Asks: 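One structure, pasted below without further comment.
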Amino acid sequence: MARTAPALAFAGVPRVNLMPPVEIERRRRASLARGWVWGVLAAVVAAVLIIMGAFALKLLADQQLAAQQAQTNLLTSELAGLSDVSGALATEQELQSFRSDAMGGDFAWSPIVASIRSALPPDVTLVGFDVVSGGVPQTADPATEIGLTGTLTLESPTPIDLPATVRGIRGLAGVSSVDGRSLSTGQQTVGSYVYELDIAFDQSIYSGQFATQEGGE
């Protein structure tokens, strides 16, 4: 009986590295040198890109600065053109302030005289007055400052009830004080009694037309 010999299995052709070590080292160094070259080139390219970017930003900033400077110059020239208006407004403000100082104590005489006459007893006549006006208002309450003060001269053919007359005048609007000062009569004024009263008005009699208003008016 014949026996069958086992078949031989071939996995492939065996490989053998026959390259000399010198050549292997040369190729390794060449590969390393190429890596360094590419790295240096990449660094140079990156540096160039950064420099170009910085230059572009600087150029953009310069353009914006030039635009802002042009706008500033335009506004400066416009302001210079308005200097006349500013001067006119300042002059107007000064004139208004001067008018307030000069006319702040403005009031009408006729209503005051008519008011005093309305408080006098019958047959009593207001024949004269010697008064001086007050100053420019210094506070917001006109009742706390004197607007007009002086002396009234009354004349009557008969003696009058002086306290009642004083109370009547004291009750008038704007009157802050009234007091009898003197009574006179004589041979040259027979049948005539002359009274002098000290009187003071507060600043509520002022018209306020030229007072300084808030906001510079």
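Just so you know, these numbers come straight off a predicted model, no measurement behind them. Just so it is clear, the values below take in all heavy atoms, side chains as well, and ignore hydrogens, waters and symmetry mates.
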Asks: For A143, is there any backbone N or O sitting under 3.5 Å from a side-chain donor or acceptor partner on E145?
Replies: no
Asks: I'd like to know if the side chain of S118 reaches the main chain of S115, judged simply by a donor and an acceptor atom lying under 3.5 Å from each other, with no hydrogens or angles considered.
Replies: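 Indeed, once roles are kept as given, a pair shorter than 3.5 Å links the two residues.
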Asks: Given 3.5 Å as the limit, does a donor-acceptor pair link the side chain of Y195 with the main chain of I160, or not?
Replies: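 Checking the backbone N and O of I160 against the side chain of Y195, a donor-acceptor pair under 3.5 Å is found.
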Asks: Where do I205 and F107 come nearest, in terms of heavy atoms and distance?
Replies: O-CB, 3.2 Å
Asks: Please round to the nearest 0.5 Å and tell me the distance separating atom CG of L65 and atom CD of Q68.
Replies: 8.0 Å
Asks: Could you go through the side-chain contact (heavy atoms from CB on, under 4.5 Å) check for I116 and L152 one step at a time?
Replies: CA-CA 9 Å; I116 294 173; L152 301 179; 3.8 Å; yes
Asks: Can you list the steps and then say if D62 with K58 is a side-chain contact (heavy atoms from CB on, under 4.5 Å)?
Replies: CA-CA 6 Å; D62 291 341; K58 181 179 180 303; 3.0 Å; yes
Asks: Within the 4.5 Å heavy-atom criterion, are L126 and L154 side-chain neighbours or not?
Replies: yes
Asks: Counting only heavy atoms not in N73 (residues, nucleotides, ligands), do more than 12 fall under 6.0 Å from its CG?
Replies: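 Yes, because the 6.0 Å sphere around CG of N73 holds more than 12 heavy atoms from other groups.
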Asks: Take D198 and T149 through the test side-chain contact (heavy atoms from CB on, under 4.5 Å) and record every step on the way to the result.
Replies: CA-CA 8 Å; D198 290 331; T149 183; over 6 Å; no
Asks: Can you give me the closest heavy-atom contact between V178 and R170, atom names plus distance?
Replies: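 Minimum heavy-atom contact is O-NH2, 2.5 Å.
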Asks: When you compare the side chain of L197 with that of R181, does any pair of heavy atoms fall below 4.5 Å?
Replies: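 Counting from C-beta outward, R181 and L197 never come under 4.5 Å.
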Asks: Got a second to check how far S31's OG is from W36's CH2, nearest 0.5 Å?
Replies: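 Separation between the atoms: 13.0 Å.
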Asks: With side chain to side chain donor-acceptor pair (under 3.5 Å) as the test, would you mind laying out the steps for S207 and D106 before giving the verdict?
Replies: CA-CA 6 Å; S207 67; D106 174 69; 2.7 Å; yes
Asks: Could you report the tightest heavy-atom contact between G180 and L162, atom names first, then the distance?
Replies: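 It is CA-CD2, 4.4 Å.
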Asks: Are any side-chain N or O atoms of T165 and backbone N or O atoms of D161, one a donor and one an acceptor, separated by less than 3.5 Å?
Replies: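 Yes: the side chain of T165 pairs with the backbone of D161.
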Asks: As an exercise, state the distance from CZ of R99 to CD of E94, rounded to the nearest 0.5 Å.
Replies: 14.0 Å
Asks: Heavy-atom distance under 4.5 Å between the side chains of I112 and L148, does that happen here?
Replies: yes
Asks: How about Y206 and P142: do any of their side-chain heavy atoms sit closer than 4.5 Å?
Replies: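 In short, these two side chains do not touch, never coming nearer than 4.5 Å.
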Asks: Is any side-chain heavy atom of V48 less than 4.5 Å from a side-chain heavy atom of M52?
Replies: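 Heavy-atom side-chain distance check passes, below 4.5 Å.
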Asks: Contact between E25 and V22 at the side-chain level, heavy atoms closer than 4.5 Å - yes or no?
Replies: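 A side-chain contact is absent here, since even the closest heavy-atom pair is not under 4.5 Å.
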Asks: Return the minimal non-hydrogen interatomic distance between S204 and G174, and the atom names on each side.
Replies: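 Heavy atoms only, the tightest pair is OG-CA, 3.5 Å.
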Asks: If you apply the rule side chain to side chain donor-acceptor pair (under 3.5 Å), what do you find for E155 with S192, and how did you get there?
Replies: CA-CA 7 Å; E155 186 176 350; S192 177; 2.7 Å; yes
Asks: Shortest non-hydrogen contact from I146 to A200?
Replies: CD1-CB, 4.2 Å
Asks: Please answer whether the main-chain N or O of V127 pairs with a side-chain N or O of T153 as donor and acceptor at a distance below 3.5 Å.
Replies: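 A pair under 3.5 Å: no.
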Asks: Kindly say whether D141 contributes a backbone atom to a donor-acceptor pair with the side chain of T139 at under 3.5 angstrom?
Replies: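 Yes, the answer is positive, given that a donor and an acceptor are paired below the 3.5 Å cut-off.
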Asks: Testing the basics here: between S77 and L74, what is the closest heavy-atom pair and its distance to 0.1 Å?
Replies: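 Heavy atoms of S77 and L74 come nearest at OG-O, 2.6 Å.
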